[in-house]
Amino acid sequence: GGGGGGVARVELMPYRSFGAEEAARRAAAGEGGEAAAVMLERTSTTQAMVADIPPKRRQLVDVSPVEQLKATKNAAEVKGLISAGRKDAAAIVSYFGWLQAQLAAAATVTEARGADEIGRRRAAMPGAVGDSFPTISSTGANAAIIHYQAAHGACSDIAAGAVYLCDTGGQYRDGTTDVTRTVHFEIEGPPTEDERRAYTRVLQGHVDLAAAIFPAGTPGLMLEMLSRSPLWQDGLNFLHGTGHGMGAYLNVHEGPAGIGGGAAHISQVSEARRRMYMHPIEAGFYLSDEPGFYREGAFGIRIESDLVVQPAETRYAWGSRPFLGFRYCTPVPFCPALIDVSLLTPAQRVWIDAHHARCREEARRPSGKSRHRPSARGRHAWSRCANGPLQPSGAALAAAAGVLWRPPMPCTGCGDAIHLSTPHRSPPGCYAMPRAAAARWATPRSRRTSSARLHGSRPPRSPSERSPYDGWGCGL
């Protein structure tokens, strides 16, 4: 309300104290005895509130101005979100390394214990406050339950030979995260063909959305098809939204924008959801990217990362609306054992390789005073993640571009990498690889192992060594 001399006055009240009676009181008694208008958000206002306020005192809006201000992150908030994403990635990947070691040793780890363990590792990160929501730790058929919750004494043991889905997030003083990765450690054999195909289709949609470029003000409903199209090609779908707004050290689910609409017939989408999916997306918004697929009684797949909307560099700048893209804030690798490379487009392979290269770089980056920086063995795990199934993409990319592909050569910069390059083009990725492996890669094809098995200086000796999470540690 307005105070004397035109100075605005803000009164803080408990969140649950505002109801129909308070709304009516505010409308009846404004400043200086003058009745005040009450701003009501259409999608969240109760019928009781509306009934108790005279029509001339109601001011209905689609989106609260407070919600809009919260949605647009400033430079300091974006910096904090990127920092939080790095720290949470270290906690998540170190957890997968610990879990793989436990399962490889035939130890019993329940879903609930897994959720506790990742929370413990997150708590050791600088600025960590706690989880942003209860971790979803689900194995096998339980992963097909979208909002599954494991409880001690009433949950399953994590199976060494099944798909494992972990949806987790953290609250840090510099930001909020929400991350999902689905993995298969191949300890008791490889994943099934259906699991690999479903995972790859989900990954394709995840990557296509993350790589999108669009004019400012584009609604999430228009971006939705990018994430679902690969699944639709196989007659698959998922029955939840693709992305939701997120806060900066606030709620993990926030409005006013979201990405979705393809989970149901448009006639069945609620008015509140329609407003969310039609809300214009602007620079500074912070959204999740989380397509999935769930086969009841068998397995569930979801890949989720956090994106900040930022200006995009384009060849042209046509029209009055600036073009935007996404800053990917989740340097956590994908699971090579679940990727069917034959389904990926050349552009998707390059994007994934570049992402894994960034993951390796982030793994070397110290952050604060925590000992979560991966060991040398852990860095080789990142290397295996990037070099495993996607290495043949160099030839495929060059063939698609109509140029001669040159074999990878040892990197002259770091000595422990090879560059995938084509004539007159910048290298799309730098693949960290031990010198012995690089030398082996340069030998005639008949004398080396398949590039899909090239994860280090020798072929893997056991299935567990093919996992990108092998050997991770954070000193906890």
Side-chain angles (χ1 to χ4, degrees), residues 1-74 77 132-133 147 171 176 178 216-224 240-288 309:
V7 178
R9 180 173 61 84
V10 176
E11 181 181 352
L12 298 179
M13 301 177 61
Y15 184 82
R16 295 183 179 277
S17 70
F18 190 87
E21 293 182 0
E22 180 64 20
R25 187 184 70 81
R26 295 275 169 163
E31 294 293 328
E34 182 180 349
V38 177
M39 182 180 292
L40 301 170
E41 194 175 44
R42 286 187 173 90
T43 58
S44 61
T45 300
T46 66
Q47 188 66 37
M49 288 183 184
V50 175
D52 285 350
I53 299 175
K56 63 179 180 180
R57 302 301 179 196
R58 303 172 191 163
Q59 185 175 342
L60 297 177
V61 297
D62 290 338
V63 178
S64 162
V66 175
E67 188 175 37
Q68 182 68 30
L69 290 171
K70 287 166 60 180
T72 307
K73 276 60 176 177
N74 59 33
E77 289 172 320
S132 55
F133 60 93
H147 294 117
Q171 289 285 16
T176 302
D178 186 358
T218 298
L221 182 64
M222 295 182 69
L223 299 177
E224 162 82 335
H240 58 73
T242 297
H244 56 83
M246 297 171 60
Y249 189 33
L250 287 169
N251 297 322
V252 73
H253 282 219
E254 288 192 359
I259 301 173
H265 192 285
I266 192 64
S267 64
Q268 298 175 338
V269 179
S270 68
E271 183 64 25
R273 292 289 180 183
R274 292 190 190 195
R275 291 182 186 278
M276 177 185 296
Y277 297 146
M278 287 300 294
H279 190 88
I281 294 176
E282 306 289 353
F285 279 22
Y286 185 45
L287 302 162
S288 68
V309 183

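- Nearest heavy atoms, Q68 versus P256: OE1-CG, 3.6 Å.
- Summarising the geometry of K73 relative to A248, their closest heavy-atom pair is CE-N, 3.9 Å, with the distance given to 0.1 Å.
- Listed by first and then second residue, the ring-ring contact (aromatic ring centres under 6.0 Å, His included) pairs involving residues 258-286 amount to none (not counting sequence neighbours).
- Although no hydrogens or angles enter the test, the distance criterion places a donor-acceptor pair under 3.5 Å between the side chain of S288 and the main chain of H244.
- Here the straight-line distance linking atom OG1 of T218 with atom CD1 of I259 works out to 11.0 Å at 0.5 Å rounding.
- When all heavy atoms of A257 and I281 are compared, the closest pair comes out as CB-CG1, 4.3 Å.
- A distance of 8.5 Å separates CD of E271 from CG of D62, quoted to the nearest 0.5 Å.
- Looking at R58, its side chain never comes within 3.5 Å of a backbone N or O of L40 through a donor-acceptor pair.
- Within 6.0 Å of CD on Q47 lie no more than 12 heavy atoms contributed by other residues, nucleotides or ligands.
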| said: Evaluate V38 against R57 for side-chain contact (heavy atoms from CB on, under 4.5 Å), listing each step before the verdict. | reply: CA-CA 6 Å; V38 177; R57 302 301 179 196; 5.6 Å; no

| Derivation of the side-chain contact (heavy atoms from CB on, under 4.5 Å) call for R42 and R275 | CA-CA 10 Å; R42 286 187 173 90; R275 291 182 186 278; 3.5 Å; yes

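- In this structure a side-chain-to-backbone donor-acceptor pair under 3.5 Å is present from T176 to L250.
- A pairwise comparison of heavy atoms in A216 and E282 identifies CB-OE1, 3.7 Å as the closest pair.
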| query | Checking side-chain contact (heavy atoms from CB on, under 4.5 Å) for the pair V63/E41: CA distance, chi angles, key distance, verdict? | reply | CA-CA 6 Å; V63 178; E41 194 175 44; 4.3 Å; yes

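- In this structure, M246 and S132 have side chains that are not in contact, with every pair of non-hydrogen atoms separated by 4.5 Å or more.
- Rounding to the nearest 0.5 Å gives a distance of 9.0 Å between CG of L223 and CG of L287.
- A donor-acceptor pair is defined here as one N or O able to donate and one able to accept, closer than 3.5 Å; such a pair exists between the side chain of E224 and the backbone of G262.
- Across all non-hydrogen atoms, the minimal contact from R274 to V269 is NE-O, 3.1 Å.
- In this structure, CE on M222 lies 8.0 Å from CE on M278, to the nearest 0.5 angstrom.
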| message | Apply side-chain contact (heavy atoms from CB on, under 4.5 Å) to residues H147 and H240 and explain how you reach the verdict. | response | CA-CA 11 Å; H147 294 117; H240 58 73; 5.9 Å; no

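- For the pair E77 and T72, the tightest heavy-atom approach, listed with the atom from each and the gap, is OE1-O, 4.0 Å.
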